[in-house]
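Index from 1, following the sequence. Predicted model only: the values in this text are computed from it and were never measured. Counting starts at 1 for both ligands and their atoms, in listed order.
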Amino acid sequence: MGSKTVRRQCTLCEAHCGIIVTVENTQVTRIEGNPDDVLSKGYICPKATAMGGLHHDPDRLRTPMRRVGDRFEPVGWDEALREIGIRLRRVRAEHGPHAIAMYLGNPAAHSTSVLYALLLRAVLRTRNFFSASSIDQFPQEFVAWRMFGSNVLMPIADIDRTDRLVILGANPAVSNGSVTTMPGARDRIRAIRARGGSVVVIDPRRTETARLADEHVAIEPGGDPYLLLAMLHVLVTEQLCDERRIRATCTGWDELRALVTGFTPEDAAPLTGIDPDTIRRLAREHAAAGSAVLYARIGVCQQTTGTLTHWLVNTLNAVTGNLDRPGGQMFATPPIDIARFTKYLPMGYGSWTDRSGAHKSFRSELPVGVLADEILTPGEGQIRAMITYAGNPVLSTPQRGALDKALDTLDFSVALDMYITETSRHADFVLPPISPLEREELDVLFPVFSVRNNIRYDARVFDPPADGLEDWQILARLITEMLPVRGLAGRITNAVFAQLSPLRLISVGVLTGPHGPLRRGIRGVTAGKTRRSPGGIDLGPLQPRLRTLLGTEDRRVQLAPTDFRAAAVALIADARGGVAATIAPDGYDLKLIGRRHLRSNNSWLHNIPTMVKGRDRCTALMHPADAAARGLIDGEPVTVSSEVGAIEVPLEISDEIRPGTISVPHGYGHREAGVGWSVAAELPGANVNLLHDNSLTDPFTGTAAVNSTWVSVSAAVAAAGAR
Ligand SMILES: Nc1nc2c(c(=O)[nH]1)N[C@H]1C(S)=C(S)[C@@H](COP(=O)(O)OP(=O)(O)OC[C@H]3O[C@@H](n4cnc5c(=O)[nH]c(N)nc54)[C@H](O)[C@@H]3O)O[C@H]1N2
Ligand SMILES: Nc1nc2c(c(=O)[nH]1)N[C@H]1C(S)=C(S)[C@@H](COP(=O)(O)OP(=O)(O)OC[C@H]3O[C@@H](n4cnc5c(=O)[nH]c(N)nc54)[C@H](O)[C@@H]3O)O[C@H]1N2
Ligand code: SF4
Ligand SMILES: [Mo]
């Protein structure tokens, strides 16, 4: 068979690093960074080799599986899809369209198959659509929509050109950047300092990123909005704002000033754990830098103040003149200008609510925190069937473990997944797509959020098996089943879909896009040219262009939307009244936050032996003073309890975490479920989401506020011997 090398990308996270895959006799023998990749320039993280591990994993499903009792057995595609169609149509006929729910997980965004998932959702016409976005970037999308007029206009931190990078609630040295795609983040951050700039990390933990920075500010979890309000106070009262630019481009300047004049660094200090002098200095340095960007990500999304904080982040960048200019917050010119279209799409905000009435729809979906309740609560509109696509919500969403039980009560469910997971094990059918190395893609989503404009093609390393289907092909078949086309009409519909691969659709989009030949003539970029460029095509640095993209009514940046201001006023009043997210309730004295590891990716790389070797990573990280106060010993099991649940994990004592805070990573707890991935099922660790429920959310978007939960920690007495 011989050997070959194929250049493509690793599609495990947003960075989509260029890789060179060496194959010998059908075995992946090596995965290395592609130095010619226009964005990642040869960088890869340790997870890249998991692309090979995944492909060869004996536990990865190669055929559809049908549940028989509590076992699964293989079934043919046609038979599976026919039966799924019958069962789903029955649910819809008996209980209406909302009785079928759909959940989209994170890897869905890493494949252009997602286009077909959105089409399926349109065909289902269900209100019960959920995704990982509501435990992730929803606050950022919401703020983008309100400030700039499109949810896609989430600004990118132009870190390759900035003079000052301030990071709030993100750890790009591990994550490689999210909603600012920056493969090789470590080197990019080091480069800022090498060219004379400065880097500050504001995080309750001295993270891998903080170790690269000039300064680490150990904020109290949840202290961020207070910090930002106080920084804005300094900027406004010391007249450090770029007034000319603000007046030319923004609405709400007077209202913003009125909001922050009364809230001082002295007010913020006890709520943030940061002294007033540091707050003043952070504000002054942001204004003084040639260019500066405050970059915030998931650590502050997963807070009850997620939307407020991201609003204040964008506002602080805007008033210091750092919005839409090199080195500040910018917007890409991607191969398909998605933001140009999305500003015309209705966001469906509040078009409906969950049945409790507590959560509004946003982007035409409901927050995943209510999913279990919507399945379990009887009555009109109850969910009876589920389609999960590339997600593992039983582990990844906070519902007190209720979802695990709820899924068993469904009339019918189907999962598109390549593994039997904590979630898919509840399904009647599990439909596996081919392996990522068997796919061919042209990603047009992450260039919308990349630090440099680019387009890259993903080549197949292996030919897909004859009976293998891609996700989009499975989704297309499901769509046909849900359309009123049976028999010949159904076969014709399937034949039409078969010709409409996402790659074809995207190729047309690229032709007509801002870099395509229709605009750029002969030098324009096409899918074909991209395919022939094994490191992708560099489309230049980010350009100032917000003016052309704004979708707000007055075509200006909204600095101070009324409801955001009202929420800030209430937050300040609460803090003055002694009610703040940073003040512990009775019985709980530690704030729980999350953590990501370089070799782990949410819940699903734990079946690849090279990713889980070494020491136990699902630990509770605690400051030595907190451990001493509780008489706890490093490495010993501890019970972490919240108001809604308790888990047991080993203690890891380190002064890298702020006193009063503990950190436990998510995505573990496979052993509790006894699932179909044999390596993961042996892995120690617990599901941290058992400690959270849907009572703590960002009120604007319903995003799960998993970094707002208070816990207590004690030695695990009874179970200590059992481990
Ligand atoms: N406590 C806490 N919880 C969190 C977070 C946190 O920080 N703290 N982070 C949240 C975040 S940011 C996210 S994005 C979510 C992730 O939450 P989810 O998206 O629900 O879960 P994942 O763990 O990413 O699981 C992805 C599943 O998709 C399958 N899969 C992988 N690739 C493919 C593919 O190409 N096709 C198909 N059909 N299936 C595929 C995998 O086998 C796996 O079962 O977790 C969230 N949960
Ligand atoms: N290796 C690896 N890379 C990944 C992933 C992975 O699981 N593993 N997941 C991918 C996904 S789905 C996503 S969404 C991205 C996320 O990318 P990042 O946003 O970079 O994610 P985290 O590493 O979770 O960083 C969040 C940081 O917020 C801090 N934090 C927690 N609470 C607060 C707070 O109240 N205030 C402040 N200021 N900071 C706080 C935490 O200590 C943590 O350092 O990463 C992606 N990349
Ligand atoms: S950072 Fe790692 S996991 Fe993410 S795309 Fe690059 S190599 Fe893959
Ligand atoms: Mo995520």
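- What you find for S413 and H426 is that their closest heavy atoms are OG-O, 3.5 Å.
- Using modelled atom types and a 3.5 Å distance limit, the side chains of S603 and N392 yield a donor-acceptor pair.
- Of the protein's heavy atoms, N392 N, 3.4 Å lies nearest to atom 21 (O) of ligand 1.
- I387 places none of its side-chain heavy atoms less than 4.5 Å from the side chain of Y103.
- With distances taken over non-hydrogen atoms, the option nearest atom 37 (C) of ligand 1 out of A390, S178, S111 is A390.
- Where the criterion is an N or O separation shorter than 3.5 Å, residue side chain and backbone included, S600 meets it with respect to ligand 2.
- In terms of polar-atom proximity, G222 is counted as a contact of ligand 2, with an N or O under 3.5 Å from an N or O of the ligand.
- Side-chain contact check for R658 versus K591: every heavy-atom pair is 4.5 Å or farther apart.
- The protein heavy-atom contact nearest to atom 29 (C) of ligand 1 is D417 OD2, 3.2 Å.
- For the residue pair R297 and Q137, no side-chain donor N or O sits within less than 3.5 Å of a side-chain acceptor on the partner.
- Taking 4.0 Å as the cut-off, G667 does not count as a neighbour of ligand 1 on heavy-atom distance.
- The heavy atom nearest to atom 26 (C) of ligand 1, out of those in G105, C13, A109, P107, is found in P107.
- For L416, a nitrogen or oxygen atom sits less than 3.5 Å from a nitrogen or oxygen atom of ligand 1, counting backbone and side chain alike.
- At a threshold of 4.5 Å between non-hydrogen side-chain atoms, the residues L475 and L119 do not count as touching.
- If you check which protein heavy atom lies closest to atom 47 (N) of ligand 2, you get S175 O, 3.3 Å.
- Considering backbone and side-chain N/O atoms, R439 comes within less than 3.5 Å of an N/O atom of ligand 1.
- Atom numbering of ligand 1 starts at 1 in the shown order; those under 4.0 Å from a heavy atom of V688 are 1 (N).
- Atom 31 (C) of ligand 2 has as its closest protein heavy atom N707 ND2, 3.4 Å.
- Less than 4.0 angstrom separates some heavy atom of P221 from each of these atoms of ligand 2: 34 (C), 35 (O).
- Below 4.0 Å from some heavy atom of K47 lie the following atoms of ligand 2, by number and element: 1 (N), 2 (C), 3 (N).
- Summary of contacts: the protein heavy atom closest to atom 44 (O) of ligand 2 is D203 OD2, 2.6 Å.
- Evaluated by nearest non-hydrogen atom to atom 38 (N) of ligand 2, the leading choice among T309, T207, V201, D224 is D224.
- Judged by the shortest distance from any of its heavy atoms, P436 lies outside the 4.0 Å radius around the atoms of ligand 1.
- Using cut-offs of 30° and 60° for the angle between ring planes, the W472 and Y116 rings count as tilted.
- From the protein, the heavy atom lying nearest to atom 2 (C) of ligand 1 is H666 CB, 3.4 Å.
- Taking every non-hydrogen atom of G169 and a distance limit under 4.0 Å, the qualifying atoms of ligand 2 come out as 19 (O), 26 (C), 27 (C), 28 (O), 29 (C), 37 (C), 38 (N), 39 (N), 40 (C).
- Remark: among candidates L690, T703, N689, V706, the nearest residue to atom 3 (N) of ligand 1 is N689, based on non-hydrogen atoms.
- Listed by number with element, the atoms of ligand 2 under 4.0 Å from a non-hydrogen atom of P204 are 30 (N), 33 (C), 37 (C), 39 (N), 40 (C).
- Those atoms of ligand 2 with a heavy atom of V174 less than 4.0 angstrom away are 1 (N), 3 (N).
- Using a 4.5 Å heavy-atom threshold, the side chains of L503 and E441 count as separate.
- Taking the six-membered ring where tryptophan is involved, the planes of H670 and H606 are perpendicular, since the angle between them exceeds 60° and thus also 30°.
- Listed by number with element, the atoms of ligand 2 under 4.0 angstrom from any heavy atom of R297 are 14 (S), 19 (O).
- With distances taken over non-hydrogen atoms, the option nearest atom 24 (O) of ligand 1 out of Y389, W604, Y419, Y103 is W604.
- Here the protein heavy atom with the shortest distance to atom 19 (O) of ligand 1 is N106 N, 2.6 Å.
- Side-chain contact check for I19 versus I44: some heavy-atom pair is nearer than 4.5 Å.
- A donor-acceptor contact closer than 3.5 angstrom links the side chains of H597 and R617.
- In terms of protein heavy atoms, atom 25 (O) of ligand 2 is closest to N171 N, 3.4 Å.
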Q: Starting from the C-alpha separation in whole Å, work towards a yes-or-no answer on side chain to side chain donor-acceptor pair (under 3.5 Å) for N171 and T209.
A: CA-CA 6 Å; N171 188 12; T209 310; 2.5 Å; yes
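- Between T661 and H623, every side-chain heavy-atom pair lies at or beyond the 4.5 Å cut-off.
- The protein non-hydrogen atom at the shortest distance from atom 9 (N) of ligand 1 is R596 NH2, 3.2 Å.
- With no hydrogens or angles considered, no side-chain donor-acceptor pair links H110 and T11 at under 3.5 Å.
- Close approach to H597 involves these atoms of ligand 2, each under 4.0 Å from a residue heavy atom: 1 (N), 2 (C), 8 (N).
- Proximity of Q302 to ligand 1 is established by a heavy-atom distance of less than 4.0 Å.
- Considering all non-hydrogen atoms of both residues, S113 and Y389 come closest at CB-OH, 3.4 Å.
- In terms of polar-atom proximity, I298 is counted as a contact of ligand 2, with an N or O under 3.5 Å from an N or O of the ligand.
- Among protein heavy atoms, the minimum distance from atom 14 (S) of ligand 2 is reached at D136 OD2, 3.2 Å.
- Protein N/O/S atoms closer than 2.8 Å to atom 4 (Fe) of ligand 3, listed by chain and residue number, are C13 SG.
- When hydrogens are left out, the protein atom nearest atom 35 (O) of ligand 2 is Q303 NE2, 2.5 Å; that is the closest non-hydrogen contact.
- The nearest heavy-atom contact from the protein to atom 33 (C) of ligand 1 is M418 SD, 3.6 Å.
- For atom 23 (O) of ligand 1, the nearest non-hydrogen atom of the protein is S603 OG, 2.6 Å.
- Residue S396 places at least one N or O, backbone or side chain, under 3.5 Å from an N or O of ligand 1.
- Considering only non-hydrogen atoms, atom 16 (C) of ligand 1 lies nearest to N602 out of N602, D471, L605.
- Inclusion of I202 in the set of residues having an N or O under 3.5 Å from an N or O of ligand 2 is warranted.
- With ligand atoms numbered from 1 in the order given, ligand 2 contributes 1 (N) to contacts under 4.0 Å with heavy atoms of L598.
- The shortest distance between side-chain heavy atoms of M51 and L12 falls below 4.5 Å.
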